[in-house]
**Q** 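Input: one structure, supplied below.
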Amino acid sequence: KRREENRMNYDIVIIGAATSGAYFAKKMASKGYSVIMLEALTKEKLGTRMDIFHVTRTDLKTFDIPQVKEGDSAWAFELTDNHFSSPSNKYIVPTTSEIVGLHMHEYVALMVRDAVAVGAEIEYSAKFKEFVFQKGRISGVRYESEDGIKEISSKVVVDCSGSRAVGRCALPNGYGIENFELQDEDMFYVILRYAKFDKPQINNFWLNTKSWYAPFSMDDTEKIIGTGATKSFANAEKTSVKLDENTSKGDFTLLRTEKGTTPYRRPPYSLVADNFIVTGDAGCLTKPDCGEGVTSSMVMMDIAVDVLDKALKNADVSKEALWKINQEYNRKQGAEFSFVRAFLTKVVRAADSEIEYCFANSIIFNEKFLNGERISAKDIKDVIVGITSAIAKKNISHKTISAVISGVMLGVALNALYMNYPASPETLPAWIKKADALWKKVGKIE
């Protein structure tokens, strides 16, 4: 009844209703807050940009998101086997993980359904236009609907609008969160070719071309040929050509092609400001090793839900009250991601022949490392011995070794810096100076 009387006043406005928006809406609505999701797309178009995405079976349980099984419309496949291949395909290392393939459109619909079931509301074809401010702080949003321009008042606005980050980018300079727009060099351009092969294919990944074979059904002859590259789809197309030339896996019939992008840059130094939170792709919270952002964003959002709940109960949603989101997220995931991002940015520059040698001699590319098992001091020693031997035999260049060492050192430094994220906004500027210097040395991934 209260919502009917005060329809345009909410505790929380969420920009975007895909995986991040629906997840956050459900979590906050289940705590009794009034929540509305503003989704720019129609109900029929939401989640249709890309068809298949992957999560682990463990993640479905950990984050309490809809469980699906074979026969459900959102379910596509399940797998427990994957492989990493050397550039020549002579050496293949198996990995194991319980992966569930899901249809994005159907699964987002399930997540929205669950959010609405606990009290959240959603308006489709609702395009964010600008923030409403009161006494210098965000107090709501204006958006374009099928009925014209509307205005909603809220205590907090959460940007879950994806890579375009329409909320974050609309923040005024100096509001507390970087309002940069993603440039070509900050994006990973992905081409997915859905193919029917003339014979079964294994699930595979090639580091040297940033390419992979992944299923889209339980038929081993049906695979997504995925390729990715920075800066442009043209670069990703070149990668596709190189992959086809190198793999020679047999003939296939191309069924359809999808193209998409994912952020590949460090997140904003702060994810909160007065009455505002950014998360998901809008906050560049993607995994640096694969670009996936669905569940990595949920790690941050679980923290944000707890902090925001306390802030709302205390009637204080200032950046100071929300600051713990930054601290806890960076300690739990951000610091690790900064290490991986710095390391990979340097390592991917290795030549195909050098990667081939490492596969052949089980240096880094072995089951223990690739399956994420606990690494011992002996394992590290073996890597050092193997690389030293490769240098002596001139199988790995000094340039590559220097890049690897640089990546490790920069990663370690960034990890330590993020683990010691500032306890308050007042000390952030000094911290940013140190972070800027390190990220400048890391550079952009090629």
Side-chain angles (χ1 to χ4, degrees), residues 176-178 180 186 263-273 277-279 283-293 295-304 306-307 319-320 322-350 363-364 368-370 372-384 387-388 400-446:
I177 297 180
E178 295 162 271
F180 59 80
D186 300 320
Y264 200 96
R265 81 177 309 277
R266 65 159 179 83
Y269 286 136
S270 174
L271 300 171
V272 305
I277 299 171
V278 63
T279 188
C284 306
L285 299 179
T286 54
K287 295 178 181 178
D289 59 339
C290 66
E292 186 274 320
T295 56
S296 59
S297 297
M298 291 175 182
V299 172
M300 179 271 185
M301 285 188 281
D302 279 352
I303 295 168
D306 290 339
V307 175
K319 64 181 177 183
E320 288 81 7
L322 301 175
W323 198 255
K324 196 174 181 180
I325 295 172
N326 285 330
Q327 284 186 288
E328 291 196 15
Y329 170 72
N330 281 305
R331 289 172 185 165
K332 188 167 186 177
Q333 181 171 270
E336 177 190 350
F337 278 13
S338 68
F339 172 87
V340 175
R341 191 178 304 281
F343 178 69
L344 287 180
T345 298
K346 301 295 185 181
V347 170
V348 296
R349 300 173 186 178
I363 302 171
I364 299 178
K368 191 166 190 177
F369 275 83
L370 295 178
E373 298 177 20
R374 185 178 296 277
I375 305 301
S376 67
K378 182 181 181 301
D379 295 321
I380 299 297
K381 181 181 178 181
D382 289 343
V383 170
I384 295 172
I387 290 177
T388 301
T400 296
I401 294 302
S402 295
V404 171
I405 293 173
S406 173
V408 170
M409 293 179 67
L410 288 168
V412 169
L414 281 164
N415 183 277
L417 188 67
Y418 277 77
M419 286 295 290
N420 289 282
Y421 188 87
S424 69
E426 289 72 27
T427 55
L428 183 63
W431 184 92
I432 287 177
K433 287 183 179 180
K434 296 177 182 178
D436 275 344
L438 290 171
W439 284 118
K440 185 177 181 180
K441 292 178 180 178
V442 171
K444 302 289 185 178
I445 195 165
E446 296 179 355

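None of the values given here were measured: they were computed from a predicted structure.
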**Q** Lys444: what forms a salt bridge (charged side-chain N to carboxylate O under 4.0 Å, His left out) with it, not counting sequence neighbours?
**A** Asp186

**Q** Quick one: sort the Trp431 and Tyr418 rings into parallel, tilted or perpendicular, breaks at 30° and 60°.
**A** perpendicular

**Q** Would you check if Lys287 and Thr295 make a side-chain contact, meaning some heavy-atom pair closer than 4.5 Å?
**A** yes

**Q** Report yes if some heavy atom in the side chain of Phe337 is under 4.5 Å from a heavy atom in the side chain of Ser296; otherwise report no.
**A** yes

**Q** Less than 4.5 Å apart, side chain to side chain, heavy atoms only: is that true for Ile277 and Met300?
**A** yes

**Q** Once ring-ring contact (aromatic ring centres under 6.0 Å, His included) is applied, do any residues pair with Phe339, and if so which ones, sequence neighbours excluded?
**A** none

**Q** Decide side-chain contact (heavy atoms from CB on, under 4.5 Å) for Leu410 and Lys346; before the verdict, give the C-alpha distance in whole Å, the side-chain angles of both, and the deciding distance to 0.1 Å.
**A** CA-CA 10 Å; Leu410 288 168; Lys346 301 295 185 181; 4.0 Å; yes

**Q** Going by the side-chain contact (heavy atoms from CB on, under 4.5 Å) test, name the single residue among Leu322, Leu285, Ile177 that passes it with Leu271.
**A** Leu285

**Q** State plainly whether the residues Lys332 and Glu328 are in salt-bridge range, i.e. N to O under 4.0 Å.
**A** no

**Q** Do Leu428 and Asn326 have side chains that get closer than 4.5 Å, going by heavy atoms?
**A** no

**Q** Side chains of Tyr421 and Ser270, heavy atoms from C-beta outward: is any pair under 4.5 Å?
**A** yes

**Q** Would you check if Val272 and Tyr329 make a side-chain contact, meaning some heavy-atom pair closer than 4.5 Å?
**A** no

**Q** Could you pull out all residues at least two apart from Glu178 that satisfy salt bridge (charged side-chain N to carboxylate O under 4.0 Å, His left out)?
**A** Arg266

**Q** Are the side chain of Asn415 and the backbone of Gly411 linked by a donor-acceptor contact shorter than 3.5 Å?
**A** no

